[in-house]
Each structure stands twice: as structure tokens, then as C-alpha cells.
2 protein chains.
Amino acid sequence: MTLAAVARTAGVSVSTASLAFSGLGPVSDATRDKVLAAADTLGYSGPDPRARSLRQGRSGVVGMLVENSVIRAFRDPVNVGMVDGVAEVLGDAGAGVLLLTDAPHARSAFDNAAMDGMVLSGCSPLVAELLESLRRRHIPTVLLGSRARPGVPAVDVDNLTATEQLARRLAELGHRQAATVTLPLDAAGTQFVSPALLAGAGGDTAADRLRGFWSVFPTGVALAATDSTVEEGERIGRLLLDRVDRPTAVVAQSDLLAAGVVRAAEGLGLAVPTDLSVVGFDGIELQTFTSHALTTMRQPMQDKGRTAARTVLRLIEGGRPRSVTLDCEFVPGTTIAPPPP
Amino acid sequence: MTLAAVARTAGVSVSTASLAFSGLGPVSDATRDKVLAAADTLGYSGPDPRARSLRQGRSGVVGMLVENSVIRAFRDPVNVGMVDGVAEVLGDAGAGVLLLTDAPHARSAFDNAAMDGMVLSGCSPLVAELLESLRRRHIPTVLLGSRARPGVPAVDVDNLTATEQLARRLAELGHRQAATVTLPLDAAGTQFVSPALLAGAGGDTAADRLRGFWSVFPTGVALAATDSTVEEGERIGRLLLDRVDRPTAVVAQSDLLAAGVVRAAEGLGLAVPTDLSVVGFDGIELQTFTSHALTTMRQPMQDKGRTAARTVLRLIEGGRPRSVTLDCEFVPGTTIAPPPP
DNA sequence: CTGTTAGCGCGTTCAC
DNA sequence: GTGAACGCGCTAACAG
């Protein structure tokens with residue numbers, strides 16, 4: 001069934017039939033009805049999206065890349081929130097979201113899919129390579145959660161300042177011995193993070209948050225997690241709390257990590273916040289504790305997604321949108337207190 | 001940049017250049033190198049997916065619909081697991097996943113996207129309408145989590161039997177007064193579920209699980225939640241536990257609901273499982289409790305997704321795959337015990 | 001308001 | 001092993 005066949009049956013030209021479907025051009029009601037009736041008779045269900053997208057040079061699809069597998073990415077509500085925001089804005093624009101991961105087996109889909117634009121979230125080590133591929137294909141791209149590059153705007157929060165604010169609260173409470181649990185900093189999964197390693201790292205989320213921490217606690221120990229999960233937080237938390245120079249406060253770079261640190265502390269018989277202060281980052285709804293409300297910095301996950309989607313839409317239309325930095329909001333919580341005497 | 005331009009630069013015909021890229025036909029190494037070199041020079045990055053998909057009649061994209069918004073759907077790990085399974089199998093097949101929701105504003109994307117197939121998950125009241133639209137467009141479809149229809153295979157677990165098994169365990173422990181918290185049963189959001197209402201309901205997940213429950217506890221009270229969340233579980237749980245005929249056991253139709261029921265019980269000063277037995281459904285990793293391990297029925301979420309994806313791929317290839325029913329596995333947990341004397 | 005004309009960029013017959 | 005020609009189904013100009 002083609003538009004041509006419908007037009008023939010309706011006794012009109014294809015272009016008229018096309019206009020009848022798109023509703024864009026001036027078509028008399030009578031003609032439109034004739035066309036629609038013919039379509040109905042023939043079981044024609046509207047223009048073929050493939051042909052339409054070839055003709056228009058648009059597919060109505062925007063890719064969204066998340067790190068790792070779908071299941072790992074969506075274990076973190078931050079990613080879910082961002083995808084939700086992207087889907088919302090794109091849906092309103094009549095576009096669809098092609099969900100992609102940076103897993104090797106998804107590479108072929110990434111390379112061959114018809115996309116009008118791309119939202120690259122995360123700071124996967126593959127980002128540079130993927131960006132290069134997108135550049136060659138002239139696919140407008142927005143980075144979500146990493147720093148802008150020439151010609152590629154980014155949407156993010158000010159991770160450095162936000163973390164600095166959290167650290168400063170701890171300092172103001174009297175903490176001198178603070179440590180931090182960072183998100184993965186390099187592909188190698190190095191655990192003990194030195195300033196030298198940080199210097200070599202890019203402008204990623206983990207690096208910026210670490211800089212914010214170190215700007216307040218320049219000698220604070222930093223251990224990197226391999227993933228943003230409660231389990232990893234607990235593992236690294238135990239490592240930190242077992243040290244002879246046990247910290248009195250821990251800045252975790254995500255709420256999930258922070259929840260793990262709290263759990264590690266309680267496992268060792270330490271009370272939070274009396275014996276140990278813990279802060280997180282993200283402001284997700286943690287169902288892990290009922291007894292604590294995590295002190296953290298809430299980032300606008302959905303807004304990040306929405307803004308990224310709007311930005312990529314503008315890019316697709318040929319605009320030159322600028323990078324956007326969104327604000328975080330301090331969530332007081334109940335997991336910080338002055339250090340034990 | 002078109003393939004034709006590359007061919008011209010390389011001094012070969014377009015068809016030869018096409019073969020050089022796809023690697024399908026017989027092309028001498030020398031020729032292929034010439035073509036690739038020309039492409040590199042001109043900054044050509046491979047065939048245009050839009051044109052390719054028109055020509056081949058395939059877009060390499062399979063739609064996956066989840067209920068509600070992305071954020072609501074992915075609050076439930078079951079949906080995340082299913083999408084992960086779908087993405088994994090489709091990725092291996094070189095196909096991409098177009099993430100769609102049944103939200104009204106996403107309807108245009110649903111209708112206009114170029115898709116080779118569709119995985120419709122959930123039992124949204126819109127399913128019938130969406131199925132009809134897909135049928136007219138000749139888009140092969142697989143249902144995930146609802147009953148097969150003529151020409152539309154389904155992938156699911158045996159919800160009735162699985163719930164029956166859970167209920168039977170409770171009965172065997174001596175429970176006579178059991179209640180159930182169901183997933184949403186109708187669009188109206190009716191709270192008190194009568195057998196008459198169930199008779200009118202379709203063959204959905206909620207209905208099947210309820211049938212399994214009633215087959216063991218024919219007079220058990222059934223209240224429907226409006227969503228599968230801990231909060232809803234807690235709300236309905238409180239309603240159940242406040243009744244004069246307070247149940248000694250609750251069968252919740254999802255783990256999230258079950259977690260809410262446990263929380264409601266504890267809020268009322270009831271100990272689980274001493275005062276109240278609770279079972280869930282799904283087998284997700286609940287971080288809500290540390291003191292309990294939920295007694296539940298684990299369903300293979302990722303396998304459901306993988307199987308659905310394999311089924312839709314077979315459908316796309318013109319096969320006639322059958323519906324698949326996967327097995328659940330009982331998870332003993334620590335939230336059931338004999339009823340209090 | 002309607003019809004005619006021309007591709008969009010590619011893959012795939014066929015001949016050679 | 002390679003090339004020429006055709007059409008996938010549609011829409012955007014333009015002409016009437």
C-alpha cells in the first residue's frame with residue numbers, strides 16, 4: 001500500500017494525497033475525505049516513516065546514550081530522571097528516544113541508527129570516540145554530565161562548587177579529618193586517588209567533585225569506587241573506616257555511595273552522625289534508611305534531561321545553543337554533626 | 001556527501017562502492033581500498049541509514065513500550081530488567097531500542113516512528129488501541145506481560161500458578177485470614193475488588209495473580225493499589241491492617257507493594273512475620289529492609305525481555321514464533337511464619 | 001485549491 | 001569483478 005495507490009483510488013494526485021495526510025497544505029474538506037476514505041478502504045495507514053525520513057532528511061529520532069548496560073545505568077535514579085526528562089521534551093516535540101548504551105554489543109546500533117541528534121550522558125571513556133563518530137556523521141550532539149567540547153554544548157550542574165559547599169559545611173561543623181568516595185575516575189579503576197591522577201583526569205563529574213572536596217580538605221583521603229552503588233559505597237566505606245587515621249566525615253560523590261558508607265559505619269558499630277558524618281550527592285529518594293535522612297546536594301535530574309533535549313532540538317533546527325549549568329540545592333538531612341571530641 | 005560522490009572520486013560505480021561498504025558482494029581488495037580512501041578524503045561516513053532503511057524496508061529499530069512515564073516505569077526494577085533484556089538481544093542483532101511510553105504526549109512518536117517491530121509491555125488500558133494501530137501498520141508485535149491475542153504472541157510468566165503457590169504456602173502454615181494487595185486492575189482505580197469486577201477484567205497480570213490468590217483463599221479481601229510502589233503498599237497495607245477482620249497474612253502482587261505492607265505493619269507495631277506474614281512477587285533486590293528478606297516469587301525479568309526480543313526478531317524475519325511462558329522461582333525469605341495463636 | 005515534476009541516497013537486479 | 005539503470009515511497013517546489 002502506497003500513497004500513490006491511495007491517490008489513484010481517490011482520483012487525486014499523490015501530492016494532494018500527501019497534503020491530505022499531513023494537513024499542511026490547502027486541501028478542500030471534500031478532497032481530504034475522499035483521500036481518507038480511499039486509504040481506509042485500502043487499509044493504508046499513513047505515509048511510510050522510512051520514506052518520509054529520507055525525503056525530509058529527518059527521522060524524528062534522537063539517540064540517548066547511557067553508560068554501561070541498561071540495568072546498571074537505571075539502578076541509579078539519576079539516570080532514570082535524566083532519561084525521563086529527555087523523553088518528556090522529545091515526546092512533546094513528536095520525537096522518539098532511541099536508548100543506547102556504550103556496551104560493545106550495542107555499537108552497531110549506535111553506528112547504523114537513523115538519528116537526528118544525540119544526547120550523550122555520562123563520562124564514559126568511550127565518549128571521545130563516540131563524539132568523533134557523531135561528528136563525522138554530522139549528528140548534532142549534546143553532552144549531559146561532562147564538559148562541553150568545541151561545537152558540542154553540554155548540560156550539567158556545577159559539580160565543583162556544589163561539592164565545595166558540602167565540604168565547607170563539614171568544615172564549619174569542626175571536621176578536620178574528612179575523606180571522600182569518588183565515582184570511577186579512570187578506566188583502570190584505580191582505587192587510591194592521588195592529586196597526580198586527578199591532574200591527568202579530564203573534566204568529568206568525578207574529577208570536579210573531587211576538586212571541590214580537596215579545595216576544602218586538601219589532604220583528605222580519596223578512594224574511588226568502581227560504580228555508583230550502595231554495595232560499592234559499603235566496600236569503600238569499610239576501607240576508609242578501617243584506616244588508622246579514620247575520618248570523622250565522609251563526602252560520597254553520590255547518594256548511593258553515601259548510603260553504602262552509612263551502612264559500613266553501622267556495620268562497624270559507629271553511629272551516624274554522632275561518630276561519623278556522611279554527605280552524598282544527587283538528592284534521590286533513598287528508601288534504604290528510614291532512620292536517617294541523607295544530607296546531600298539535590299541536582300535537578302529531570303531538568304537536566306529536559307534541558308539537554310531542548311538543546312539538541314535547537315541544534316537540529318540549526319541553532320547554536322549554549323551550554324547550560326543548572327543549580328543544585330542543599331538538602332540538610334540528618335547525617336551530619338560536629339565530630340566526636 | 002553521498003555514496004555516488006565517493007564512487008565518482010574513487011573512479012568506480014556506485015554499486016561497487018556500495019558493495020565495498022557492506023562487504024557483501026565480490027569486490028577486489030584494491031577496489032575496496034580505493035573506495036574507502038575516497039570516503040575518508042571526502043569525509044563520508046558510510047551509507048545514510050535513512051536511505052538504507054527505505055531501500056531495504058527495514059530501519060533496524062524496534063520499539064519498546066513501557067507504561068506511564070519513564071520515571072514511573074523505571075522506579076520498578078522489573079521494567080528495568082525487561083528493557084535490559086530487550087536491549088541486550090536487540091543490540092546483539094544490530095538493532096536499536098526505541099523507548100516509548102503510553103503517555104499521551106508520546107503518541108505522535110509512537111505513530112510516526114520507523115520501527116521494524118514492537119515490544120508492548122504492561123497491560124495499559126491503551127494496549128488494545130495501540131495494538132490496532134500496529135496491526136494496521138503491519139508492525140510485528142510481541143506482548144510482554146499480558147495475554148497473547150490472535151496473531152500477537154506473548155511472553156510472560158504463569159502469574160496465576162505462581163501466586164497460587166505463594167498462597168498455598170501461607171495456607172499450609174495455618175493461615176485462614178489472608179488478604180491481597182493487587183496491582184491496578186482497571187483504569188478507574190477501583191480500590192475494593194469484588195469477584196464481579198475481576199470477571200469483567202481482562203487476562204492481565206493483576207487479574208491472574210488475584211485468581212491465584214482466590215483459588216486458595218476464596219473469601220480473602222482484595223484491595224487494589226493505584227501503582228506498584230512502596231508508598232502505595234504502605235497505604236493499602238494500613239487499610240487492611242486497620243480492618244476489624246485484620247488478616248494474618250498478606251499477599252502483595254509486587255515486592256514494592258510488599259515492602260510497603262511490611263512498613264505499614266511495623267508502623268502499627270506489628271512484627272513481621274510473628275504478627276503478620278507478607279509475601280511479594282518479582283524477586284527484585286529490595287534495599288528497603290536489612291532486617292528482613294522478603295518471601296516472594298522471583299520472575300526472570302531479563303529473560304522475559306530477552307525472550308520477547310528474540311520473538312519479535314523472529315516475527316520480523318517472517319517467522320511464526322509461539323508465545324512463551326517462563327518459570328518463576330520461589331524465594332523463601334523470612335517474612336512468613338505461622339499465624340499468631 | 002490541485003497536479004506535474006524532480007529528486008532524497010541507496011541497494012539490487014541484470015548485463016558485461 | 002564491475003557498471004548501468006531502476007525504483008523504494010514520499011514531499012517540496014512550482015505551475016496551473
Side-chain angles (χ1 to χ4, degrees), chain A residues 1-39 42-61 94 111-116 136-139 316, chain B residues 1-36 38-39 42-61 94 111-116 136-139:
Chain A
M1 271 305 86
T2 74
L3 189 57
V6 173
R8 208 177 311 119
T9 306
V12 301
S13 77
V14 272
S15 69
T16 302
S18 173
L19 294 178
F21 273 102
S22 68
L24 293 177
V27 180
S28 72
D29 289 353
T31 311
R32 190 198 330 284
D33 289 349
K34 248 192 324 192
V35 173
L36 296 181
L42 299 178
Y44 176 81
S45 49
D48 182 331
R50 286 176 278 260
R52 191 217 291 278
S53 78
L54 172 59
R55 180 60 240 231
Q56 302 190 144
R58 294 247 182 124
S59 61
V61 168
D111 287 331
N112 298 320
M115 305 181 286
D116 299 338
R136 291 180 52 117
R137 292 174 62 190
H138 304 287
I139 295 182
I316 291 170
Chain B
M1 269 306 85
T2 73
L3 189 57
V6 173
R8 206 176 315 118
T9 306
V12 301
S13 77
V14 272
S15 67
T16 303
S18 173
L19 295 178
F21 272 102
S22 69
L24 292 177
V27 180
S28 71
D29 289 353
T31 310
R32 185 193 339 281
D33 290 348
K34 249 194 321 194
V35 173
L36 296 180
L42 298 178
Y44 176 81
S45 48
D48 183 331
R50 285 176 280 260
R52 192 219 292 280
S53 77
L54 173 58
R55 180 61 238 222
Q56 302 188 146
R58 293 248 181 122
S59 61
V61 168
D111 286 331
N112 297 321
M115 306 181 285
D116 299 338
R136 291 180 50 117
R137 292 174 63 191
H138 306 288
I139 295 182

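Letters A, B, ... are given to chains in the order of the sequence lines, protein chains preceding strands, and every chain is numbered from 1.
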- request: Round to the nearest Å and state the distance from A:R58 atom CZ to D:dA12 atom P.
  value: 11 Å

- line: Nearest heavy-atom approach of B:V27 to B:L19 is CG2-CB, 3.5 Å

- prompt: Is the backbone of B:D111 close enough, under 3.5 Å, to the side chain of B:R137 for a donor and an acceptor to pair up by distance?
  reply: yes

message: By the 4.0 Å heavy-atom rule, please label A:Y44 as base, sugar-phosphate, or nothing.
response: sugar-phosphate

message: Could you tell me how far apart A:L3 (CG) and D:dA12 (P) are, to the nearest whole angstrom?
response: 12 Å

- line: Atom CZ of A:R50 and atom P of D:dG9 are separated, to the nearest Å, by 9 Å

field: Euclidean distance, atom CG of residue A:L24 to atom C1' of C:dT2 [Å, nearest integer]
entry: 16 Å

field: Terminal helix-axis angle for the helix from C:dC1-D:dG16 to C:dC16-D:dG1, with five pairs defining each axis and rounding to 10 degrees
entry: 30°

- prompt: What are the two closest heavy atoms between A:T2 and A:Y44, and how far apart are they?
  reply: C-CE1, 3.6 Å

query: A:N112 has an atom CG; how far is it from atom P of C:dC10, in whole Å?
result: 13 Å

task: Write down the distance between CZ (B:R8) and P (D:dA4), rounded to a whole number of angstrom.
output: 12 Å

message: Can you give me the closest heavy-atom contact between B:R50 and A:S53, atom names plus distance?
response: CD-O, 3.2 Å

statement: Which of A:V12, A:V6, A:T9 passes side chain to side chain contact (heavy atoms under 4.5 Å, CB included) with A:K34? It is A:V12

message: Could you tell me how far apart A:D48 (CG) and C:dC8 (P) are, to the nearest whole angstrom?
response: 19 Å

message: Classify B:L54 by what it touches in the nucleic acid, base, sugar-phosphate, or nothing, heavy-atom distance under 4.0 Å.
response: base

- prompt: Under 4.0 angstrom, heavy atoms only, what part of the nucleic acid is B:T31 near: base, sugar-phosphate, or nothing?
  reply: sugar-phosphate

query: Which pair of non-hydrogen atoms, one from B:A10 and one from B:V35, has the smallest distance, and what is that distance?
result: CB-CA, 3.9 Å

statement: Of B:A51 and B:V12, the one whose nearest nucleotide on DNA chain D sits closer to the 5' end is B:V12

task: Supply the atom-to-atom distance B:L3 CG to B:R8 CZ, rounded to the nearest 0.5 angstrom.
output: 10.5 Å

message: Testing the basics here: between B:N112 and A:P49, what is the closest heavy-atom pair and its distance to 0.1 Å?
response: O-CB, 3.2 Å

Between the protein and nucleotides 4-7 of chain C, which nitrogen or oxygen pairs are less than 3.5 angstrom apart?
from  : atom 1 : to    : atom 2 : distance (Å)
C:dT4 : O4     : A:S15 : OG     : 3.3
C:dG7 : N2     : A:R55 : NH1    : 3.0

query: Any side-chain N or O of B:Q56 under 4.0 Å from OP1/OP2 of D:dC8?
result: no

task: Return the value, rounded to whole Å, for the distance between atom CG of A:L19 and atom P of C:dT2.
output: 9 Å

Between OG on residue B:S45 and NE2 on residue A:H138, distance to nearest 0.5 Å: 6.0 Å

- prompt: Just checking B:P26: base, sugar-phosphate only, or nothing, at a heavy-atom cut-off of under 4.0 Å?
  reply: base

